[in-house]
Amino acid sequence: ITLDKETFATEELQNIIDANFSSLFTTMLFLVQFMTMDSLAAVYVPLVKAKPALMLYFGLIMFVVSIALMNVVLAKIVDEALNASHNDQVLQRKLRAKRIRKMTPILKSIFKELDSEAKSAVSFNELTSLDVSTMPEEIQACLELSSVAELFDILDIDGSGLVSEEEFIEGIMNFCVLGAPVETVQILKLIKMLRAKVHQISADILDVRAQVLGIDSTRPGTCTQSM
């Protein structure tokens with residue numbers, strides 16, 4: 001730009017060149033203007049009108065430097081906002097878990113009222129007498145279930161048809177702390193039950209295998225055949 005005296009022969013263009021491209025320092029300052037999109041039209045519009053080929057130069061700087069920098073800054077802001085939101089959710093979950101843990105004596109008292117036969121477990125019929133309004137408000141907000149059957153399915157972890165005191169307290173606390181949908185909690189429960197069944201079946205198979213091997217070893221002629 002500074003060497004093309006013929007194209008930029010007018011006084012207006014020379015003033016623009018002297019103000020923005022007279023030295024390396026002033027050129028770098030002008031590029032900083034591109035990064036911040038600060039009063040650019042007064043500089044590049046007259047130059048582009050005099051030499052349209054400069055549109056490629058200024059266009060590349062504008063799109064590559066300015067827009068790329070804007071996207072980087074925007075991405076950083078969004079990332080920080082998402083991290084802050086996630087940290088807030090984690091902190092809120094921890095605080096809620098701490099508050100709910102303090103309600104353990106209340107839940108124990110409610111369980112004892114339901115366990116009329118003092119067998120340390122409540123059945124489905126006994127759980128139907130549960131008055132949710134007697135629970136703390138924070139737990140009431142968590143237990144927005146359509147029926148007692150859903151609550152019983154969530155609490156009956158081992159599928160025995162009875163809910164122990166530990167299942168009652170831990171089930172309600174975990175349900176409130178996790179804040180997961182009922183379907184998700186039920187799926188997790190089914191997975192846990194299936195895992196326990198698989199372990200039991202594996203143990204039974206090993207027992208049967210050991211018994212079969214023991215029977216074979218005691219048969220007459222087994223040692224002779226092996227020799």
Side-chain angles (χ1 to χ4, degrees), residues 1-2 16-17 19-49 51-104 106-107 132 135-146 150-151 153-155 157 167 169-196 198:
I1 294 174
T2 57
I16 293 175
I17 293 172
N20 298 281
F21 303 99
S22 59
S23 65
L24 179 61
F25 178 72
T26 55
T27 303
M28 295 302 295
L29 286 178
F30 176 69
L31 292 178
V32 172
Q33 282 184 264
F34 259 97
M35 293 175 63
T36 59
M37 305 294 286
D38 182 20
S39 303
L40 299 177
V43 177
Y44 71 82
V45 170
L47 297 177
V48 169
K49 285 182 178 180
K51 191 174 183 178
L54 289 176
M55 187 62 195
L56 179 62
Y57 170 72
F58 290 118
L60 287 174
I61 295 178
M62 183 178 297
F63 284 102
V64 174
V65 177
S66 304
I67 297 179
L69 177 63
M70 187 184 303
N71 288 335
V72 170
V73 173
L74 181 60
K76 182 63 176 177
I77 293 173
V78 172
D79 183 62
E80 290 295 333
L82 292 176
N83 288 335
S85 176
H86 176 71
N87 292 335
D88 288 342
Q89 291 177 359
V90 172
L91 178 60
Q92 290 297 328
R93 190 179 296 114
K94 288 182 179 179
L95 293 176
R96 182 172 56 185
K98 188 175 181 180
R99 291 194 302 269
I100 292 176
R101 289 291 176 187
K102 292 181 179 179
M103 301 175 187
T104 301
I106 299 176
L107 294 177
V132 180
M135 293 186 169
E137 294 183 359
E138 191 159 9
I139 294 181
Q140 292 183 38
C142 299
L143 299 178
E144 294 180 354
L145 304 174
S146 58
E150 286 185 352
L151 178 61
D153 288 339
I154 293 172
L155 299 180
I157 297 175
E167 288 178 330
I169 296 174
E170 292 298 325
I172 291 178
M173 286 186 174
N174 291 334
F175 184 71
C176 292
V177 171
L178 291 176
V182 177
E183 293 79 8
T184 302
V185 176
Q186 290 176 338
I187 290 173
L188 293 175
K189 175 191 170 184
L190 289 174
I191 292 174
K192 186 175 182 179
M193 291 176 60
L194 288 173
R195 185 180 300 164
V198 169

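Counting from 1, the numbers follow the sequence of the chain as shown. The model shown is predicted, which means the values in this text are computed figures rather than measured ones.
- Between the side chain of Asp79 and the backbone N or O of Ala75, no donor-acceptor pair lies under 3.5 Å.
- Within the 4.5 Å cutoff, the side chain of Phe21 has heavy atoms near those of the Leu47 side chain.
- Atom CG of residue Leu60 and atom CE of residue Met55 lie 9.5 Å apart, to the nearest 0.5 angstrom.
- If you take CG on Leu82 and CG on Asn87, they are separated by 11.0 Å, rounding to the nearest 0.5 Å.
- Applying the side chain to side chain donor-acceptor pair (under 3.5 Å) test to Ser23 and every residue at least two apart in sequence or in another chain returns Thr26.
- Annotation: salt bridge (Lys or Arg N to Asp or Glu O under 4.0 Å) contacts involving residues 51-68, sequence neighbours excluded, comprise Asp4-Lys51.
- For Lys102, there are no salt bridge (Lys or Arg N to Asp or Glu O under 4.0 Å) partners at least two apart in sequence or on another chain.
- Note: Leu107 CG to Arg101 CZ = 10.0 Å, rounded to the nearest 0.5 Å.
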